[in-house]
Amino acid sequence: MGDYRNRFVTPEEAAKAVRSGDWVDYGFGAGFPELMDRAIAARRDELKDVKVRGGLVIRPYIAVVEEDPEQKAFSYYSWHIGDYERKLQARGLVRFVPMLLRCLPELYRRHIRVDVACVPVSRPDEEGYCGLGISNYAWRTIFEHARTVIFEINEHLPRLQGVEGSHRVHLSEADYIVEGEHEPLPLRSYKAPTPVEEAIARHVVEEIPDGAVLSLGVGGVPFTVARMLAQSDRKDLGCHTGTISDAFLALYRAGKLTNARKELDAGRSTWNLAMGSQDLYDWLEAEPELFHPGDVDYVHSPGRISTMKNVISINGGVELDLMGQENAESAGARQLSGTGGQLDFLEGAFWSQGGKGFICLASTHRKKDGSLKSNIVPFIPGGSTVSAPRSMVQYVATEYGVAKLSGLSLGERAAAMAAIAHPDFREELTRYARENFR
């Protein structure tokens, strides 16, 4: 590795690498290059047409957006709308870009351009190696294709470097290195589960065997499933997941998460992003030997997931139609999140021996006028997204039960879906099915 000591500069100096017309990458999830963001935003009067890409941002501020609301210098693109980005969307300040996470590295290799990569890294060890903290993402692929690479050392990031360097970079790989004081890492907490979430989780837990390898999405139902499993008699559960969260920490503390039966990464929890409490981040820092943090190519590959038995993928949905098509990410044309890795794990679970992919959702939601609307609908309405095709949705769980759709005809699927809908809507769903799936 080359000498990197002369590459330490101020964020303001590194920000000069950004030119008008550039594509700049900020990464994904709770890791965020806040020093570089501020320094690049400060150049708004000198730059034009700079496109900044990020996604799933849970901190409440992106300087290039907030300090240039007219978008004279900067426009912000998101791969996956997070809580804060939803607020930006309401102000017309974010442009959503659809993608499947497993395809993202290939997008950067072959289809899209990146000029400047702002990569958050942990404090280096004595040899100049850093970890990628809480967001491995597709960072290596991205910065290997960037014109300019900026590492931002964040003193709060956990320092694990992964299995055989799976989560590691070296300071010599950067053109510029910046450091400074950061805000505490953004935290994600869970509300107490609703009775409906508890009912859905109970149905799903019944389907999970000893030794199952869990992929848990973020949200109330996956977290409730983990809490129930922690109190159950299940043993030797495993983790191979896009995002590791406090759900897995709860399982570990209950002695349920051993990863002992995994055919891949035995003894280790495998993940791409980490998002949760400070306790979760402290766990990654304190016990790095328990984890295999890996990039999207490694973690999200359905082929790799399929080498393990009993992979259980649990994700939420917004609505499903009677054929089993699922919208996981939009309300009409308004983007709520993104496809992310959901389809990757649905497919991985499908190929896994004993695997099961679950889409979990409440049977209804309340509209603003107080009336009840079914989340199981005759068809996905125009303008809404189909996140998972009917051919890849295996199991659907509501508070009224589980529908297994594999191998069913359209009419049989419709009957199974209507049976787990809210009773108030079953008759009209059944009538639609009769008229259209004879």
Side-chain angles (χ1 to χ4, degrees), residues 1-15 17-18 24-40 52-59 105 108 114 116-186 243-244 271-275 278 280-282 284-286 288 291-299:
M1 296 294 181
D3 191 2
Y4 51 82
R5 283 169 296 192
N6 62 349
R7 300 182 198 183
F8 280 86
V9 296
T10 63
E12 292 69 28
E13 191 65 31
V18 177
V24 179
D25 265 271
Y26 276 8
F28 206 72
F32 187 85
E34 64 190 75
L35 304 182
M36 285 310 307
D37 176 45
R38 286 203 295 269
I40 293 168
V52 178
R53 268 189 298 245
L56 199 56
V57 174
I58 64 171
R59 70 194 303 276
Y108 281 96
V114 51
V116 180
C118 300
V119 189
V121 299
S122 73
R123 286 169 294 156
D125 62 19
E126 321 74 60
E127 296 175 8
Y129 286 102
C130 306
L132 286 165
I134 52 179
S135 183
N136 189 302
Y137 186 43
W139 265 130
R140 178 159 291 284
T141 299
I142 292 169
F143 75 66
E144 285 178 353
H145 288 80
R147 181 189 73 229
T148 304
V149 179
I150 302 166
F151 284 175
E152 179 173 321
I153 297 170
N154 185 323
E155 68 279 16
H156 301 307
L157 288 173
R159 289 175 295 177
L160 73 172
Q161 295 183 10
V163 176
E164 296 174 354
S166 65
H167 201 56
R168 181 168 69 202
V169 294
H170 193 266
L171 288 175
S172 63
E173 296 179 276
D175 299 295
Y176 300 102
I177 305 160
V178 304
E179 55 186 347
E181 197 173 321
H182 289 76
E183 294 169 19
L185 295 176
T243 301
I244 196 168
W271 53 271
N272 175 253
L273 304 173
M275 199 178 292
Q278 190 58 49
L280 174 73
Y281 304 145
D282 292 345
L284 303 180
E285 170 83 16
F291 306 102
H292 184 148
D295 64 11
V296 165
D297 279 330
Y298 186 88
V299 177

Heavy-atom side-chain contact between V119 and P33 under 4.5 Å: no

Basic-acidic side-chain contact under 4.0 Å: R140, E173: yes

Salt bridge (charged side-chain N to carboxylate O under 4.0 Å, His left out): pairs with one or both residues in residues 145-160, sequence neighbours excluded: D22-R147, D115-R147, R159-E285

Side-chain touch F143/I150, heavy atoms, less than 4.5 angstrom: no

R168 to Y129, cation-pi by 6.0 Å centre distance and 45° axis angle: yes

Pair H170-Y4, ring-ring contact (aromatic ring centres under 6.0 Å, His included): steps then yes or no: CA-CA 9 Å; H170 193 266; Y4 51 82; 5.5 Å; yes

Side chains of H182 and L35 in contact at under 4.5 Å (non-hydrogen atoms): yes

Contact check, side chains of V9 and V178, non-hydrogen atoms, under 4.5 Å: yes

Sub-4.5 Å side-chain heavy-atom contact between N272 and I244: no

Test item: Q161 and V169 side chains (from C-beta on) under 4.5 Å apart, heavy atoms: no

Donor on one side chain, acceptor on other, E179 and N154, under 3.5 Å: no

Donor + acceptor pair across side chains of Y26, D37 (<3.5 Å): yes

Side chain to side chain contact (heavy atoms under 4.5 Å, CB included) partner of F28, chosen from L56, N136, V296: L56

Beyond-backbone contact of P293 with L160, side-chain heavy atoms, under 4.5 angstrom: yes

Centroid separation Y281 to H156 less than 6.0 Å: no

